[in-house]
Amino acid sequence: MIALRGLTKEFPGGVRALDGLDLEIADGEFFALLGPSGCGKTTLLRTIAGLETPTSGNIWIGGTEVTSVPPGKRDVAMVFQDYALFPHMDVTANVAYPLRIRKVPRARREARAAETASRLSLSELLARRPAQLSGGQQQRVALARAVACHPRAFLFDEPLSNLDARLRLEARTFLKRLQRELAVTTVFVTHDQGEALALTDRIAVMSAGRFTQVGTPTEVFQRPANTFTAAFIGSTPMNLLPGTAGDGALRVAGAVLPLPGGVPDGPIVYGVRPEYMDLSLTPRADAFAGKVAVVENLGTAHLVTLESGEHLIQTVVPEGAEPSPGTAAWAVPRPGRALVYRDDRLVSPCPANGANR
Amino acid sequence: MDDLIKYAPDLLAGFLENVKLSLICGALALVLGTVLVAARVAPTPVLRAAGTLYVNVVRNTPLTLVLAFSSLGLSDTIGLTFSETPSTNSFWLVVFGLSAYTATFVCEALRAGINTVPLGQAEAARAIGLTFLQSLRLIILPQAFRTVVAPLGSVMIAMIKNTTVAIAGGYLMESAFRMRDTFDDTGVSIPIFLGLVVAFMAVTLPVGFVTSRLASKLAVAR
């Protein structure tokens, strides 16, 4: 288990990279730190690893306080974004190196390196140097170096982001299977919401050194606790439109929409994902009217952007049903899919319990 | 030509002193330069400052002054003696001065090499539990050395040629001083000049050749 209490990191110059973070990551959990560049996710990972010292607050790993323990003694293994393989050593030496530092006898560590390498399909490559490996192979060597230590936790700093798109998908599946098999607590830093949703048991969405939401992928996707999380999660950007609640209805961008339970009268922000709207070519009152401005081909579907007054509204239509640009169209939100925010907090549907921190 | 043949044994004996100085100073300068560069990249500010001060002072002082300081300052005034025999003593004083001087160039060449090693390497080393010295010795320097083999070769060539100013440290056995000594008897002799040039080239050219071959062979592919 990894626990953080009031963890704060202030860099010289006053930048608060981490701002009083509290978190518990369960044993064996696959946990993502997700956020845009500069949100503090990598700093948090490096602080857990011991490469950064927190300004205040504490860190526990496996029940032991490690706040001032040096990185090598925390029993965690880090995989770096650029892998940081040692170029002057072959694959065996790279994988076995952490064991050598721990004074594991040569025969044992080479056996463990070979065993780990075969698990990661690297057996053929043991005598090669990193420069003689492809990107995907280097990435697996970096993983093997971490796995061979049998650490209490893995810390992954965007390990997939240097791979090309196709390889990244394969590596993602591979990584998830590996983590399931090893059942080692894993903290995974990524800026790719798709990776976080696909891989992990729980996600902490970060912005400006704080968690905007901590929850399962389902919670974070279906009930984003605030508009930041709502806008960040999802492969297409969520429509977030200002409106008002009153007289038993929501009035948003010219549409009159049913008022979900629990929303008091007043100004709101209405959120709906493009995937959860249908396009109608005939006028409807419960829809956003607009003119088709852009049609983007997503392969199995099309992303249609409507110009509706000052707002842009996006909706996804199935292949074959795409309208031509310039035509009038109405985007109809599907019932029960709307998210209603007031003062940047989710009011409908009821926020997931404890998801909002 | 007759002069060259006549004085060849004497000059050769002198030249062997240059070779001896080169071998010893080369080894010492590499060791001391490595220690210096470790200080210059150390996490302790005091060590870094000390390393920087040493390099800036010694590297910017003319070699003749460094050698003169070794013999006149350190030995005659302060009393640092390596041997009771004057010529052996001045040999080691020259070794001392020339190594101390060349080490600053080794240090700066190595530091350039260290700067080519990505920061992630040091981080990865720290993450798996290496101390600063361990990561320097096992991860950083092996890579740094390989990238600066050729510049280190140039440093060594310069040092070999610098053995000819050993007179500044009071050492009279090496070939350049022998040559001038010879000229007192023979008058200036072009063949002797050329003979000595050839002798030096016979040593420095292979150093340059071998180091540039090594450089491409050892280059760290990333």
Side-chain angles (χ1 to χ4, degrees), chain A residues 42 45-53 66 69-90 93-104 109 128-133 135 138 141-142 145-149 151 153-159 162, chain B residues 30 34 37-38 41-49 109-153 211-222:
Chain A
T42 298
L45 191 79
R46 290 166 54 85
T47 310
I48 297 173
L51 295 171
E52 303 278 0
T53 316
V66 297
V69 173
K73 302 247 185 312
R74 295 193 178 195
D75 203 7
V76 296
M78 187 147 172
V79 174
F80 293 85
Q81 182 175 359
D82 59 2
Y83 316 138
L85 298 176
F86 302 131
H88 57 302
M89 301 178 190
D90 64 16
N94 262 289
V95 173
Y97 208 71
L99 302 171
R100 192 174 142 194
I101 303 311
R102 293 179 195 183
K103 309 218 162 32
V104 175
R109 65 176 191 249
R128 294 219 199 153
R129 295 266 173 102
Q132 298 165 313
L133 302 174
Q138 288 184 14
V141 175
R145 185 167 69 180
V147 170
C149 308
F154 291 129
L155 306 175
F156 292 160
D157 186 8
E158 309 210 16
N162 282 10
Chain B
L30 283 174
T34 310
V37 82
V41 299
T44 329
V46 178
L47 272 179
R48 276 206 304 274
L110 278 177
R111 206 161 63 95
I114 286 176
N115 287 338
T116 68
V117 180
L119 200 61
Q121 292 283 313
E123 299 238 293
R126 257 177 83 204
I128 61 178
L130 295 181
T131 62
F132 167 73
L133 275 182
Q134 282 177 318
S135 73
L136 199 63
R137 185 164 60 87
L138 302 168
I139 306 294
I140 309 296
L141 280 179
Q143 296 180 48
F145 259 114
R146 287 156 192 251
T147 35
V148 296
V149 171
L152 279 179
T211 49
S212 60
R213 280 291 295 275
L214 264 182
S216 49
K217 207 176 141 210
L218 293 178
V220 187
R222 291 193 222 282

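Note that this is a predicted model, so its numbers are computed, not measured. Protein chains get the first letters and strands the later ones, always in sequence-line order, with residue 1 at the start of each.
Scanning both residues, B/A124 and A/F80, for their nearest heavy atoms gives CA-CE1, 3.5 Å. In this structure, B/Q121 and A/A84 approach most closely via the heavy-atom pair NE2-C, 3.7 Å. For B/L130 against A/I101, the heavy-atom pair with the smallest separation is CD2-CD1, 2.9 Å. Scanning both residues, A/G50 and B/R126, for their nearest heavy atoms gives O-NH2, 3.7 Å.
With a threshold of 4.5 angstrom between heavy atoms, B/L119 does not approach chain A through any atom at all. For a residue to count as touching a neighbouring chain, one of its non-hydrogen atoms must lie under 4.5 Å from one of that chain's; by this rule A/P98 touches chain B with backbone and side chain alike. Looking at A/R74, neither its backbone nor its side chain comes within 4.5 Å of chain B, counting heavy atoms on both sides.
The 12-atom threshold is not exceeded at CZ of B/R213, counting heavy atoms of other residues, nucleotides or ligands nearer than 6.0 Å.
Contact count versus chain A (heavy atoms, under 4.5 Å) is highest, among B/A127, B/A125, B/G120, for B/A127. Of the listed residues A/L85, A/L155, A/D82, A/V76, the one with more heavy-atom pairs under 4.5 angstrom with chain B than any other is A/L85. Chain B forms more heavy-atom pairs under 4.5 Å with one residue of A/P70, A/A146, A/P71 than with any other, namely A/P71.
Side-chain atoms of A/H88 never come within 3.5 Å of backbone atoms of B/L218 as a donor-acceptor pair (strictly under, hydrogens ignored).
Looking at A/R46 and B/E123, their side chains come closer than 4.5 Å, going by heavy atoms from C-beta outward.
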Please step through side-chain contact (heavy atoms from CB on, under 4.5 Å) for the pair B/I139 and A/Y97, ending with a clear verdict. CA-CA 11 Å; B/I139 306 294; A/Y97 208 71; 3.9 Å; yes
